[in-house]
Amino acid sequence: MDEQIVETLPWYSLDNFSPSILQNYNWEFSIALYGLILIPLFFIVRWVWKYYKNQKLPIAFTKSQVISNPLNIVRLVPDILMILIVALVIVALARPQKSNEKQIQWTEGIDIMLVIDISQSMQIEDFVPNRLEAAKNVAKEFIDGRLQDRIGIVIFSGDAYSLSPLTTDYDLLKTYIDDINFEMIENRGTAIGSALAVATNRMTEMESKSKVCILLSDGDNTAGNIDPITAAKLAAAYSIKTYTIAIGKEGKVPFGKDFFGRPRMVENTMDETTLREIAKIGGGEFFRALDNAALENIFQLIDKYEKAEIKETKYKDTTDFYRNYLMWALVLLLMWMFLKSTFISNILQD
């Protein structure tokens, strides 16, 4: 949000004529300022006209009788005042202004549910330090990049439950993510279908134009009482777009240490076909993450895909300052009228 501070000065303050104040004005009718150039030209023409048209009485003086009196310059005061009056009126006609401008950015937001696998296989160390910690780190980075989106978290292993409802309290969400560990669910296994069903249930409670589910898992569906494909069709029926991320490598992967402190290699398999089908049914995409960098890139890509349109509203509060210059013109006009009725104009005219 951008703001311009409007300074308010009393009309009689001479600071109204300082170059810094005049330069900071926005001129509504700036073309009027060209009239200032015509003022000297007008008065020169007027002086020449009067010089040749006024009646003159020739009187002869000796050189000793011709005395230059400095007070004669006083006769120029009315003309100087009139020049200033016209200049001030022209400045007022140009409409000097200052604006207090505010720009507000907002978005309708997206509902996003992060569905994170915390089964025992997420301890595998083909990611640094392991699959779960890598997923937690990129999830927090993903949250930091969102603007006014409601985000929730579902975790699953042999069972699934909602860790956080949809919320815009991102600090609280990141605290929940930090606390995720393998002991939060006792039942072992990987209940992908149940996790999708819990996420769908949470998202149907909210009214939003766009709903997104990001499912991250490293294994086959081995638990739960809902088939993953059935759960995916249910989510699609509620217009929930589903992205799936298969995390980890297949084959021999490091998992813990042996008796001698060496990495213990275990066999890892993954049902990539089911995750692909879930993404297809949900109108999203399937991704395969083989290391930390790939996982981070996937979340960045989803972040770009699911950006809500940012809208801007601008408020402009404009203050006019032409009255300051009109007041000065009025004061000088009164002085000019007063001088016109005094000896300055009447006696020193000739």
Side-chain angles (χ1 to χ4, degrees), residues 113-143 151-164 173-199 213-226 228 231 243-276 278-279 286-300 302:
M113 190 64 74
L114 300 176
V115 183
I116 301 174
D117 187 346
I118 63 167
S119 60
Q120 292 299 305
S121 59
M122 289 290 285
Q123 296 183 59
I124 291 175
E125 297 167 355
D126 51 351
F127 284 66
V128 179
N130 58 45
R131 294 176 177 179
L132 179 60
E133 291 302 318
K136 288 164 60 174
N137 289 335
V138 295
K140 288 190 291 184
E141 292 175 3
F142 176 79
I143 290 171
I151 301 176
I153 304 170
V154 170
I155 57 174
F156 68 97
S157 181
D159 290 322
Y161 78 89
S162 175
L163 181 63
S164 170
L173 280 170
K174 288 188 287 186
T175 300
Y176 281 139
I177 290 174
D178 286 332
D179 292 339
I180 292 175
N181 61 75
F182 297 103
E183 307 305 321
M184 298 182 79
I185 299 177
E186 293 183 1
N187 291 344
R188 303 306 179 196
T190 306
I192 295 175
S194 297
L196 276 175
V198 171
C213 177
I214 302 174
L215 170 67
L216 188 147
S217 179
D218 71 343
D220 306 337
N221 184 72
T222 59
N225 52 12
I226 301 178
Y243 292 93
T244 57
I245 303 173
I247 181 172
K249 302 173 183 177
E250 292 187 276
K252 296 288 185 179
V253 290
F255 186 16
K257 307 291 183 182
D258 61 16
F259 178 78
F260 299 101
R262 296 172 300 187
R264 181 160 52 97
M265 306 302 290
V266 298
E267 189 71 28
N268 181 67
T269 60
M270 181 181 299
D271 184 8
E272 186 177 305
T273 303
T274 299
L275 293 178
R276 285 184 180 276
I278 291 171
F286 166 81
F287 300 96
R288 184 68 187 270
L290 299 178
D291 54 33
N292 293 62
L295 182 60
E296 186 174 348
N297 290 336
I298 289 167
F299 268 86
Q300 288 175 355
I302 295 173

Task: Over all atoms of both residues, closest heavy-atom pair of Ala289 and Phe127 - done: O-CZ, 3.4 Å
Open item on the list: Quick test of your reading: applying side-chain hydrogen bond (donor to acceptor under 3.5 Å, both in side chains), list the pairs with at least one residue in residues 183-199, sequence neighbours left out, ordered by first then second residue.
Closed with: Asp159-Asn187
Task: salt bridge (charged side-chain N to carboxylate O under 4.0 Å, His left out) involving Lys136 - partner list, sequence neighbours excluded - done: Glu133
Task: Residues forming a side-chain hydrogen bond (donor to acceptor under 3.5 Å, both in side chains) with Glu272, sequence neighbours excluded - done: Arg276, Arg288
Open item on the list: Looking at every non-hydrogen atom in both residues, tell me the closest pair between Gly152 and Met113 and how far apart they are.
Closed with: C-SD, 3.2 Å
Task: By side chain to side chain contact (heavy atoms under 4.5 Å, CB included) - contacts of Ser157 (at least two apart) - done: Ile118, Ser119, Ile185
- [ ] Provide the closest heavy-atom pair for Ala279 versus Thr244 in the form atom of the first, atom of the second, distance.
- [x] CB-OG1, 3.5 Å
- [ ] Could you list the residues that satisfy ring pair (Phe, Tyr, Trp, His ring centres under 6.0 Å) with Phe299, not counting sequence neighbours?
- [x] Phe142
Task: Which atom of Ile192 lies closest to which atom of Leu275, heavy atoms considered - done: CD1-CD2, 4.3 Å
- [ ] Output all residues satisfying side chain to side chain contact (heavy atoms under 4.5 Å, CB included) with Lys252, sequence neighbours left out; order by chain, then residue number.
- [x] Met265, Glu267
TODO: Check side-chain hydrogen bond (donor to acceptor under 3.5 Å, both in side chains) between Asp178 and all other residues, then give those that pass, not counting sequence neighbours.
DONE: Lys140
Task: Shortest non-hydrogen separation from Gly193 to Ala231 and the atoms involved - done: O-CB, 3.4 Å
TODO: Measure the spacing between CD1 of Ile153 and CD1 of Ile143 and express it to the nearest 0.5 Å.
DONE: 5.5 Å
Task: Separation between OG of Ser217 and CD1 of Ile116, rounded to the nearest 0.5 Å - done: 11.5 Å
Task: Selection residues 114-130 - residue pairs positive for salt bridge (Lys or Arg N to Asp or Glu O under 4.0 Å), sequence neighbours left out - done: Asp126-Arg131
TODO: Answer whether the closest heavy-atom distance between the side chains of Leu215 and Ile245 falls below 4.5 Å.
DONE: no
Open item on the list: Which residues pass the side-chain hydrogen bond (donor to acceptor under 3.5 Å, both in side chains) test with Gln120, not counting sequence neighbours?
Closed with: Gln123
Task: CG-NZ distance between Asp218 and Lys249, expressed to the nearest 0.5 angstrom - done: 14.0 Å
Open item on the list: Using modelled atom types and a 3.5 Å cut-off, is there a donor and acceptor pairing between side-chain atoms of Asp291 and backbone atoms of Ala293?
Closed with: yes
- [ ] Report yes if some heavy atom in the side chain of Ile214 is under 4.5 Å from a heavy atom in the side chain of Val115; otherwise report no.
- [x] no
TODO: Check side chain to side chain contact (heavy atoms under 4.5 Å, CB included) between Ala197 and all other residues, then give those that pass, not counting sequence neighbours.
DONE: Ile226
Task: Val138 to Glu296 - nearest heavy-atom pair and separation - done: CG1-CA, 3.8 Å
Open item on the list: If the condition is side chain to side chain contact (heavy atoms under 4.5 Å, CB included), which residues does Val198 pass it with, not counting sequence neighbours?
Closed with: Val154, Ala160, Ser162
Task: Partners passing side-chain hydrogen bond (donor to acceptor under 3.5 Å, both in side chains) against Thr274 (at least two apart in sequence or in another chain) - done: Asp271
